[in-house]
Amino acid sequence: MPKVIYVSAAGASTEVDAPVGTTVMAAALKNGVEGILAECGGVCMCSTCHVFVDEKFLGLIPAAQDTEEAVLEIAAIERRPNSRLSCQIKVTEELNGLVVHLPEKQR
Ligand code: FES
């Protein structure tokens, strides 16, 4: 099963097993990873699942759709070039070892 590694703003790593087809957000919630709130439940409306994708993996994740782009533009946390909404990142075998960095806070 693919692994996803969440790195807190303080530098602490949490590695979780994430089944193919789940989202990076859902895997975090299921495993009690702190730092992802996901207030809208994953329907791309809240931006409280904001993560910064490790550069190595950026090319492996499909580009953000228009809705995600729009939500990132108004996100409480300042957008970076590697910003994504973790509810929109589907786990695949190819993403095994994916590293995402969490903002200090989500709002
Ligand atoms: Fe709300 Fe991702 S959970 S935008």
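Residue numbers start at 1 and run along the sequence shown. All ligand and atom numbering here is 1-based and tracks the order in the structure. Heavy atoms only: backbone and side chains are in, while hydrogens, waters and symmetry mates are out.
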Return yes if some donor-acceptor pair links the side-chain N/O of Asn31 with the main-chain N/O of Val33 below 3.5 Å, else return no. no

When you look at Leu102 and Ile36, which way does the side chain to side chain contact (heavy atoms under 4.5 Å, CB included) test go after all the steps? CA-CA 8 Å; Leu102 305 173; Ile36 291 183; 3.8 Å; yes

Sub-3.5 Å donor-acceptor pair from the side chain of Glu68 to the main-chain atoms of Leu85, do we have one? yes

Residues His50 and Ser83: side-chain donor-acceptor under 3.5 angstrom: yes

So the atoms of ligand 1 within less than 4.0 Å of a heavy atom of Gly42 turn out to be 3 (S)

Run the numbers for me: atoms of ligand 1, each under 4.0 Å from some heavy atom of Cys44, listed by number. 4 (S)

At less than 4.0 angstrom from any non-hydrogen atom of Cys40, what atoms of ligand 1 do you find? 1 (Fe), 3 (S), 4 (S)

Run the salt-bridge test on Arg84 and Glu69 with the 4.0 Å N-O cut-off and return the result as yes or no. no

Can you tell which part of Ser47 has a heavy atom less than 4.0 Å from ligand 1: side chain, backbone, both or neither? backbone

Within the distance-only criterion (no hydrogens, no angle test), does the side chain of Ser86 pair as donor or acceptor with the backbone N or O of Cys49 below 3.5 angstrom? yes

Within less than 2.8 Å of atom 2 (Fe) of ligand 1, any N, O or S from His50? no

Opening angle at atom 2 (Fe) of ligand 1 [SG, Cys49; SG, Cys87; to 10 degrees]: 110°

At under 4.0 Å between heavy atoms, is it the side chain or the backbone of Gln88 that contacts ligand 1, or both, or neither? neither

